[in-house]
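Any value given below was found using the heavy atoms of this structure, including those in side chains, with hydrogens, waters and symmetry copies removed.
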Amino acid sequence: MMRDNCPHCKVHRGHKAGCPLENGPAADPERYSLENYRKFLRAKCNLPSDYGVPIDPSDIHPWLKPHQKAAVEWAVRGGRRALFESFGLGKTVQQLEILRLILKQTGGRALIVAPLGVRQEFSRDARKIDIDLRFIRRIEEADVTGIYLTNYETVRDGKLDPAQFQAASLDESSILSSFGGTKTFREFMRLFENVPYRFEATATPDPNDYIELLAHAAFLGIMDVSQAKTRFFKRDSVHADKLTLHPHKEREFWLWVSSWALFVATPSDLGYSDEGYAIPE
């Protein structure tokens with residue numbers, strides 16, 4: 001019977017003299033142990049690294065609610081994470097607190113990019129947790145360490161370079177979905193690629209819009225869009241952005257997404273009370 005190549009001695013059909021694998025697992029029980037096999041499988045898992053900083057939960061501002069504190073702790077530890085939370089769960093204050101905790105350990109400046117219409121909401125929440133937030137349109141206005149707010153048009157038009165900030169967060173980042181595959185989206189990724197700590201916050205995106213999810217992952221630096229397409233999806237030779245998830249990759253895909261994105265519809269999704277959030281029929 002023909003034998004396969006030996007992975008140890010690299011010869012066809014058989015083993016060199018003294019090969020430790022000649023008699024299989026019995027010859028090297030340590031190499032073939034269950035724990036070593038588990039280590040081998042864990043090494044093959046393609047999960048994003050933690051890019052963040054250590055955090056003591058007691059450092060989180062006491063004004064935040066329990067589910068907000070949990071999300072903030074997870075995001076700061078990850079360093080590049082997305083908060084996909086339903087309206088009303090406090091994404092504004094979470095972004096502010098995430099950036100405050102990052103700067104507490106790293107120093108420097110942080111930038112929030114948001115639609116112009118939510119400027120007052122950010123200012124109001126910043127005062128609640130003792131943050132001095134300033135709105136800017138040019139980098140010259142960011143003259144001290146702290147958290148700054150600007151709008152998407154300012155960044156898009158090149159009036160402000162995000163690379164000069166230590167951390168950044170995109171509010172209502174679902175706007176990226178309209179950039180997918182376009183020059184504007186690629187430009188946004190290029191502008192932020194040297195920002196060490198990156199975050200996003202938006203209402204829960206459509207789970208069936210795979211292109212949108214991949215755009216978020218690409219912005220955060222988790223995985224390139226083309227790489228993710230190749231890894232998880234069937235390709236359509238006619239329609240490049242028509243993606244069908246491989247059935248055998250479905251569980252792996254959603255495990256991967258959940259490693260960098262937090263989907264929350266109600267506080268109870270994280271194990272906390274929905275009191276004050278339950279909407280009447």
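Taking R138 as the reference, E140 meet the side chain to side chain donor-acceptor pair (under 3.5 Å) condition, with sequence neighbours excluded. A search for salt bridge (Lys or Arg N to Asp or Glu O under 4.0 Å) contacts involving K234 returns nothing, not counting sequence neighbours. Partners of Q95 by side chain to side chain donor-acceptor pair (under 3.5 Å), not counting sequence neighbours, listed by chain and number: S169, D171. R77 meets the side chain to side chain donor-acceptor pair (under 3.5 Å) test with no other residue; sequence neighbours excluded. For T230, the side chain to side chain donor-acceptor pair (under 3.5 Å) test picks out no residue, with sequence neighbours left out. The ring pair (Phe, Tyr, Trp, His ring centres under 6.0 Å) search around F84 returns H216, F263, not counting sequence neighbours. Not counting sequence neighbours, Y272 has no partner by the ring pair (Phe, Tyr, Trp, His ring centres under 6.0 Å) test.
Y210 has its ring centre less than 6.0 Å from the ring centre of F253.
Between F232 and L243, every side-chain heavy-atom pair lies at or beyond the 4.5 Å cut-off. Counting heavy atoms from C-beta on, the side chains of I139 and D161 never come closer than 4.5 Å. Two residues are said to be in side-chain contact when any heavy atoms from C-beta on lie closer than 4.5 Å; V53 and L101 fail this criterion. You'll find the side chain of V93 reaches within 4.5 Å of the side chain of W63, heavy atoms only. For the pair L220 and Y51, the minimum side-chain heavy-atom distance is 4.5 Å or more.
Of all non-hydrogen atoms in P267 and S273, the two that sit nearest each other are CB-O, 3.3 Å. Considering all non-hydrogen atoms of both residues, W260 and A217 come closest at CZ2-CB, 3.5 Å. Scanning all heavy atoms of the two residues, the minimum distance from A114 to L149 falls at CB-CD1, 4.0 Å. For the residue pair E193 and R198, the shortest heavy atom distance occurs at O-NH2, 3.1 Å. Minimum heavy-atom separation, S173 to Y152: CA-OH, 3.7 Å. Closest approach of P162 and V195 over heavy atoms only: O-CG2, 3.3 Å.
Note on residues 258-278: no pairs pass salt bridge (Lys or Arg N to Asp or Glu O under 4.0 Å), not counting sequence neighbours. Listed by first and then second residue, the ring-ring contact (aromatic ring centres under 6.0 Å, His included) pairs involving residues 89-147 amount to none (not counting sequence neighbours). Sorted by first and then second residue, the side-chain hydrogen bond (donor to acceptor under 3.5 Å, both in side chains) pairs with a member in residues 105-123 read T92-E121; sequence neighbours excluded.
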Could you give the side-chain donor-acceptor pairs of residues 124-134 under 3.5 Å, partners two or more places apart or in another chain?
{"unit_1": "D130", "atom_1": "OD2", "unit_2": "H61", "atom_2": "NE2", "d": "3.1"}
{"unit_1": "R134", "atom_1": "NH1", "unit_2": "D143", "atom_2": "OD1", "d": "3.0"}
{"unit_1": "R134", "atom_1": "NH2", "unit_2": "E141", "atom_2": "O", "d": "3.1"}

Tabulate below the donor-acceptor pairs under 3.5 Å that side-chain atoms of residues 66-76 make, not counting sequence neighbours, or state none.
{"unit_1": "H67", "atom_1": "NE2", "unit_2": "L89", "atom_2": "O", "d": "3.0"}
{"unit_1": "Q68", "atom_1": "OE1", "unit_2": "K65", "atom_2": "N", "d": "2.9"}
{"unit_1": "Q68", "atom_1": "NE2", "unit_2": "L89", "atom_2": "O", "d": "3.0"}

Output, in order, the C-alpha distance, side-chain angles, deciding distance and verdict of salt bridge (charged side-chain N to carboxylate O under 4.0 Å, His left out) for R100 and E97.
CA-CA 5 Å; R100 183 188 72 83; E97 183 66 358; 2.7 Å; yes

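In terms of hydrophobic clustering, with Ile, Leu, Val, Met, Phe, Trp and Tyr side chains grouped at heavy-atom distances under 4.5 Å, V113 and L160 are assigned to a common cluster. Using a 4.5 Å cut-off between side-chain heavy atoms of Ile, Leu, Val, Met, Phe, Trp and Tyr, with links allowed through other members, I222 and L191 fall into the same hydrophobic cluster.
Checked by atom type and distance alone, the side chain of R80 pairs as donor or acceptor with a backbone atom of P196 at under 3.5 Å. Side-chain atoms of T150 come within 3.5 Å of backbone atoms of I136 as a donor-acceptor pair (strictly under, hydrogens ignored). D157 places no side-chain N or O within donor-acceptor distance of the main-chain N or O of K159, the cut-off being under 3.5 Å.
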